[in-house]
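Comments concern the structure below.
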Amino acid sequence: MAMGDPRPIGIFDSGVGGLTVLSAIRKRLPHEPTIYLADLFHFPYGPRYQDEVRGFAFEIIRYLEARDVKLVVIACNTATAAALNQAREHFEIPIVGVISPGAQAAVDATQNHRVGVISTEGTMRSQEYLHAIKEIDPMIGVFQKACPELVDIVESGDADSPRAEAALERDLAEIVRLGADTLVLGCTHYPLLKPAIERVYPGAFKLVDSALTTAAKVERHLDHSRLRADSTEPRHEVLVTAMPQHFHDVGANIFGETVDAEEVRIWEQQKAQRT
Ligand code: DGL
């Protein structure tokens, strides 16, 4: 039998949100080594121009390639919207995003053909969810809402607080009024808001979380390309481009386990090399 491919899977986000994807991948694929990179140097991505976010994503993919990863997961909706298609044209390495898995899950979940999507401004402006959902089923009504404050709430460790509940009550009111039975958590920070959503609008929606569906997609890719690892004790690295202490604290707050992050200076190094 062929030996496994021991190279790690590279996963990145602008901050802690992508840890929801990392954790789903680690559960589903327990033998795979991983490198997770949080670009806190540029957080948040949501309000930035697409070109700028694409530039960050390309640098990170180059960095991960140099670290010899076998597959890259863009564990950020904003970066997926801004960079996935062009990154696939530019890089040979296989790249998976989080939008089409989430769109498919929403189409499978809705019974009344009405889907709400909450995301950052960047993801909403890109209209990628609308297109991805309507590509699968054009009869589905898609109601989108940008909720930038929710990103800050999660990133500062307040996902399960009265502040989160107040913001959700306001941000989801229109989608509830429009009768969507399914809500796509179109930002990797938002799955951490599930308990607060359930408290504010109990039973109103089926919640679609692209972390689980993305992990399933990664598994299919690895199997299809015969890239699976068989390590019994795979190595997991967590890297940040700034503020390792913040990551450590918020990671502990959110996941109940401390996340030891190492700082890598992708941009400073490049600036230094150029001068
Ligand atoms: N994690 C990003 C996403 O999924 C949002 C956070 C940010 O604005 O950087 O869209």
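Remember, it's 1-based here, ligands and their atoms both numbered in the order they're listed. Numbering starts at 1 and runs along the sequence shown.
The residues E65 and R62 are annotated as not salt-bridged, no charged nitrogen and carboxylate oxygen being separated by less than 4.0 angstrom. A salt bridge between E174 and K145 is absent, with no side-chain N of the basic residue lying under 4.0 Å from a carboxylate O of the acidic one. Salt bridge annotation for R228-D223: present, with a cationic side-chain nitrogen under 4.0 angstrom from a carboxylate oxygen.
With side-chain heavy atoms closer than 4.5 Å counting as contact, directly or through intermediates, M139 stands alone and belongs to no larger hydrophobic cluster. Other members of the cluster containing I140 are I99, V107, V115, V117, Y129, L130, I133, I136, V142, V184, V208, with ILVMFWY side chains joined at under 4.5 Å, either directly or via other members.
Contact residues of ligand 1 (protein heavy atom closer than 4.0 angstrom to a ligand atom; sorted by chain and number): D13, S14, F43, P44, Y45, G46, C76, N77, T78, T120, V151, C187, T188, H189.
Counting only residues at least two apart or in different chains, salt bridge (charged side-chain N to carboxylate O under 4.0 Å, His left out) contacts with residues 235-244 comprise R67-E237, R235-E237.
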